[in-house]
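Everything numeric in this text was worked out from a predicted model, so none of it was measured. To find a chain, count down the sequence lines: A is the first, B the second, and so on, and within it residues start at 1.
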Amino acid sequence: MIKVTFPDGAVRDYARGTTGTTIVEGISRSLAKKTVAMRWNGELADLSDELEADGRIEFVLRDDDAALELIRHDAAHVLAEAVQELWPGTQVTIGPVIENGFYYDFYRSEPFSEDDLRAIEKKMEEIVDRGAAFTREVWSRDEAKKVFASKGENFKVELVDAIPVDQQVKIYKQGQWFDLCRGPHMRSTRDVGKAFKLTKVAGAYWRGDSNREVLSRIYGTAWANKEQLDQYLTMIEEAEKRDHRKIGREMDLFHFQEEALGSVFWHPKGFRIWRELEAYIRRQLDADGYQEVKTPQLLDNKLWEKSGHWGKFRENMFVVPDEIPSTEDDGPIVSGEANLLALKPMNCPAHVQIFKQGIKSYRDLPLRMAEFGCCHRNEAHGALHGLLRVRQMTQDDAHIFCRDDQVTDETRRFLDLFARVYGDMGMTKISYKLATRPEQRAGDDATWDRAEKALADALTAAGVAFDIAAGDGAFYGPKLEFHLTDAIGRTWQAGTFQLDYVLPERLDATYVGEDGARHRPVMLHRAVFGTFERFMGLLIEHYAGRLPLWLAPVQVVVATIVSDADDYARDVVARLQANGIRAELDTRNESINYKVREHSVGRVPFIFVAGRREAEEKTLSIRQLGSQGQTIKALDEAIAALVADATPPDLQRKAG
RNA sequence: GCUGCUGUAGCUCAGUGGUAGAGCACUCCCUUGGUAAGGGAGAGGCCGCGAGUUCAAUCCUCGCCAGCAGCACCA
């Protein structure tokens, strides 16, 4: 006999080998009907598992949140069966659960079309209706490989080989169809239900390796019921309306064009936001002991060779021959024999050059060198994505040269700055990741051990919780990544904090210590926004274009109702502008309804309406974006209130 | 860069093997209207680029370029 403990604390005896199904059916018919799986000692498991020892049991009902993962996983299997039924000969590979859904990768010569998706959905519904039970078998490795090989499922054979020797090779069957799978699954395909939808097809590399086969990936979403599915689909639609590329066009902030792929044409309104952000972050850096510098755009490749960029980062660099281009009509424009220069992809080597001018003493450390450095990176065409992935970017970059024993303090100091800035920006959903040594790297393992430990220790000391992103570090050192989420749930790395022992070594940066000897400084690479481009993209999506007043490109529009109020409105705009407010005048021959609509759609935070009455009484009818009504204020009062409101948060703090 | 989809007016999108349409925006006219679109008229297009098929191509075929989604890569 074995002892089974229930969630309410009750303990009952069952025969060894009893299944979850038997237990739940013994409790109540109605509970058994809703139960699709169980947790055995906290682990999700098949209801049909035979229980061999004492343990805790919990039943997973189909409506539980925990069941969503199972619904999606089972949906992936149903998808795979449907595809193989429709197109025999298609090879199956893997089909995991992802956030909000699942996907399955297939190998076949013909691509899937949108129409195919609808046909597959139909077939999936059929399979759900069939309600074939999921049953599990354990096969020997050789048997599994033989069976999959005989079916021409070469990817599955590779997967069987990849299963660690101490793990069983498990096969899940649903009717005639079966798949290699870790499990667990629900009772039958019927439990998947019909609240699913196939959303898109895309290419993906086998095992994520760009040198391997390209597979056709079908993405789907699945939920417990139709309401949840609809809610999700609506959410996606709403999120797409926040796309910064769309809003950027609507608000006339920036544009891209073919002649400058991946580089931004900032329009006056977009650049207003930039300037406001730059002024803000410069105030923070000044207050935090940074010194601002400006370094060259084009540098000889010999420097990049020394720094290691030429070896490890070259494919991301724009290279320029150092010669006068030929003006002859025929013949080559460049000889191909000139020295090469590169547009800087990073500012760090140049900052080391400034550090190396003169002799630095330990008394000079920590030395915090900041630059709004404009960098170019030759990103793959397919990687470009609006403001979030560009080829010309301006970082709010800085490098801190310090001693080993100052790393912890400097890390904490930076994390404070970071938290303050993101708080001011209204962005609170940030996740932290410690990215460790990549395959392509400079520096020996001992140095990396030291660097990773130093950074992890500093983070722990600062009380920051973080995940590990193995292998994602920069080639010269580990980094702390700050991830923000865009409108449709994609996460993007914004700020960064990197610890580097390698570059000071390679570029021979030294300082004179208390002992009179030369020592290597540690370099901390750090950026708060990351780049202005990406950060502004994220800000636009975060606020859906309705930026806080201090960042809004146009803070107020003064709109007239009748032309008799034009002179008064002009006067109001002049006074607002004299007070540092970004105000525009709208005296067009249009109805006030039209003007209010247009500026509301344009996301202008305040509309000051001036009619005959306001002009006579020296007042304004104030309408704030997002509210229905309006309030009347005296002119002076209205200006004073707006000026106070439009003050950047850090200056408000200072004043208050 | 890889896979798939898409490319028609400034924007959003219809459409056809016989050289094109709507709404909004734009210009002009009428209208001076009290808080999310007052009325009318007009202008605007190498139908992404290049080749091919055809009597004829915006439409069919191929190549290229770009955009989008995903992958890979990354702030």
Side-chain angles (χ1 to χ4, degrees), chain A residues 103 105 110-114 116 199-219 240 243 245-246 249-250 252 255-259 261-262 313 315-316 345-346 375 377-391 393-397 435 438 440 472 474 479 481-484 488 490 492-496 498 525 527-535 537-538 559-566 587-602 607-614 621-625 627-630:
Chain A
Y103 67 77
D105 285 346
E110 284 286 297
F112 294 103
S113 69
E114 287 290 318
D116 290 341
T199 48
K200 55 198 170 199
V201 282
Y205 299 110
W206 170 236
R207 313 210 117 189
D209 183 344
S210 55
N211 296 314
R212 300 291 305 265
E213 295 87 340
V214 175
L215 309 171
S216 289
R217 176 172 297 177
I218 298 181
Y219 283 91
E240 279 168 1
D243 190 312
R245 293 165 297 189
K246 187 176 149 69
R249 200 167 37 236
E250 288 167 2
D252 191 21
H255 85 271
F256 291 92
Q257 64 186 52
E258 280 192 33
E259 291 83 351
L261 283 189
F313 205 73
E315 62 175 5
N316 285 297
M346 297 183 192
C375 294
R377 293 186 192 170
N378 201 343
E379 302 285 353
H381 288 66
L384 301 177
H385 184 95
L387 295 178
L388 301 185
R389 192 76 180 273
V390 293
R391 302 216 284 188
M393 68 206 81
T394 302
Q395 300 172 307
D396 62 323
D397 199 15
Q440 279 276 314
D472 281 348
K479 66 182 176 189
E481 301 175 345
F482 304 86
H483 291 265
L484 294 167
I488 53 174
R490 290 176 291 214
W492 297 88
Q493 197 179 321
T496 184
Q498 307 167 8
H525 305 240
V528 182
F529 292 154
T531 68
F532 282 85
E533 288 81 2
R534 179 175 289 178
F535 190 75
L538 289 165
T560 52
I561 299 172
V562 292
S563 40
D564 285 352
D566 286 2
T587 55
R588 290 174 305 168
N589 177 13
E590 297 290 354
S591 69
I592 192 61
N593 286 307
Y594 184 92
K595 294 178 185 180
V596 165
R597 177 183 152 79
E598 187 175 281
H599 298 122
S600 299
V601 169
I607 301 172
F608 284 5
V609 173
R612 206 167 274 132
R613 200 155 58 226
E614 288 78 6
S621 168
I622 298 171
R623 185 185 175 102
Q624 187 166 5
L625 183 62
S627 68
Q628 296 299 320
Q630 50 272 342

- Of the listed rA37(B), rU35(B), rA72(B), the closest approach to the Val596(A) side chain comes from rU35(B)
- Query: Parallel, tilted or perpendicular: which describes the rings of Trp492(A) and His385(A), with under 30° parallel and over 60° perpendicular?
  - Reply: tilted
- In which stems does RNA chain B show up, taking only runs of three or more Watson-Crick or G-U wobble pairs whose two distances fall under 3.5 Å? B:1-7 with B:65-71, B:10-13 with B:21-24, B:26-30 with B:38-42, B:48-52 with B:60-64
- Message: Looking only at the side chain of Thr531(A) (C-beta and beyond, no hydrogens), which of the listed nucleotides rG70(B), rA75(B), rC71(B) gets closest?
- Response: rA75(B)
- Message: I'd like to know if Glu614(A) reaches the base of rG34(B) with its side chain such that a donor and an acceptor end up less than 3.5 angstrom apart.
- Response: yes
- Note on the structure: To the nearest angstrom, the CZ-P distance between Arg597(A) and rG33(B) comes to 23 Å
- Note on the structure: Checking rA36(B), rG34(B), rG4(B) against the side chain of Arg623(A) (C-beta onward), the nearest is rA36(B)
- Message: In whole Å, I'd like the distance from the CG atom of Asp472(A) to the C1' atom of rA75(B).
- Response: 13 Å
- Note on the structure: Closest non-hydrogen contact found for Asn378(A) with Arg391(A) is OD1-NH1, 2.9 Å
- Message: Starting the side chain at C-beta, find the nucleotide from rC71(B), rU35(B), rA75(B) nearest to Lys479(A).
- Response: rA75(B)
- Message: Closest approach to the side chain of Arg389(A), judged atom by atom: which nucleotide of rU35(B), rG33(B), rC74(B) is it?
- Response: rC74(B)
- Query: Would one find a side-chain N or O of Lys246(A) under 4.0 angstrom from OP1 or OP2 of rU12(B)?
  - Reply: no
- Query: Base, sugar-phosphate, or nothing for Thr496(A), non-hydrogen atoms under 4.0 angstrom?
  - Reply: nothing
- Between Tyr594(A) and rA25(B), does any side-chain N or O lie under 4.0 Å from OP1 or OP2? yes
- Message: Just the rounded figure in Å: distance from P of rC71(B) to NE2 of His381(A).
- Response: 20 Å
- Val562(A) has its side chain closest, among rU35(B), rG33(B), rC2(B), to rG33(B)
- Task: Could you check whether Arg217(A) gets within reach of a base, just the sugar-phosphate, or nothing at all, counting any heavy atom under 4.0 Å?
- Result: sugar-phosphate
- Taking the side chain of His385(A) as heavy atoms from C-beta outward, which of rA36(B), rA75(B), rA69(B) is closest to it? rA69(B)
- Remember a base hit wins even if backbone is also touched, and classify Arg249(A) as base, sugar-phosphate or nothing at under 4.0 Å, heavy atoms. sugar-phosphate
- Nearest whole angstrom, please: distance from the P of rA66(B) to the CG of Leu384(A). 10 Å
- Which listed nucleotide (rU35(B), rA75(B), rC71(B)) is nearest to the side chain of Arg534(A)? rA75(B)
- Message: Could you check whether the side chain of Ser563(A) and the base of rU32(B) have a donor-acceptor pair of N or O atoms closer than 3.5 Å, going by distance alone?
- Response: yes
- Note on the structure: Here the distance between atom P of rC73(B) and atom CD of Gln440(A), to the nearest Å, is 12 Å
- Query: Quantified in whole Å, what is the C1' atom distance between nucleotide rC5(B) and nucleotide rC73(B)?
  - Reply: 22 Å
- Item | Interatomic distance at P, rC49(B) relative to rU54(B), whole Å | 23 Å
- Task: Please measure how far the P atom in rG70(B) lies from the corresponding atom in rC47(B), and state the result in whole Å.
- Result: 32 Å
- Nearest-Å distance, CG (Asn211(A)) to C1' (rG1(B))? 11 Å
- Message: Please report the distance separating the P of rG23(B) from the corresponding atom of rG33(B), rounded so that it comes out in whole Å.
- Response: 29 Å
- Determine the contact category for Glu258(A): base if any of its heavy atoms lies under 4.0 Å from a base atom, sugar-phosphate if only primed atoms, P, OP1 or OP2 are that close, otherwise nothing. sugar-phosphate
- Nearest-angstrom distance, C1' atom, rA41(B) to rG52(B): 45 Å
- Would you say Ser210(A) reaches rC2(B)'s phosphate, i.e. side-chain N/O to OP1/OP2 under 4.0 Å? no
- Distance, P atom - from rU12(B) to rG48(B), rounded to whole angstrom: 15 Å
- Note on the structure: Here the distance between atom C1' of rG1(B) and atom CG of Asn378(A), to the nearest Å, is 11 Å
- Item | Within-4.5 Å side-chain heavy-atom neighbours: Asp472(A) and Pro438(A) | no
- Query: If you look at every heavy atom in Val214(A) and Gly203(A), which pair is closest and at what distance?
  - Reply: CG1-CA, 4.3 Å
- Which nucleotide, rC71(B), rG67(B), rU35(B), lies nearest any side-chain atom of Leu261(A)? rG67(B)
- Task: Report the distance from atom CD of Glu590(A) to atom C1' of rC28(B), rounded to the nearest whole Å.
- Result: 13 Å
- Does CD in Gln257(A) sit with more than 12 non-hydrogen atoms of other residues, nucleotides or ligands closer than 6.0 Å? yes
- Can you find a donor-acceptor pair, distance only, under 3.5 Å between Tyr205(A) side chain and rG1(B) base? yes
- Message: Considering every strand and a 4.0 Å limit on heavy-atom distances, what is the contact class for Ala204(A): base, sugar-phosphate, or nothing?
- Response: sugar-phosphate
- Item | Sugar-phosphate only, base, or nothing, as touched by Glu250(A) at under 4.0 Å among non-hydrogen atoms | nothing
- Task: Kindly point out which of rU35(B), rC71(B), rC74(B) is positioned nearest to the side chain of Arg377(A)?
- Result: rC74(B)
- Query: Arg245(A) near the nucleic acid: base, sugar-phosphate alone, or nothing, with a heavy-atom cut-off under 4.0 Å?
  - Reply: sugar-phosphate
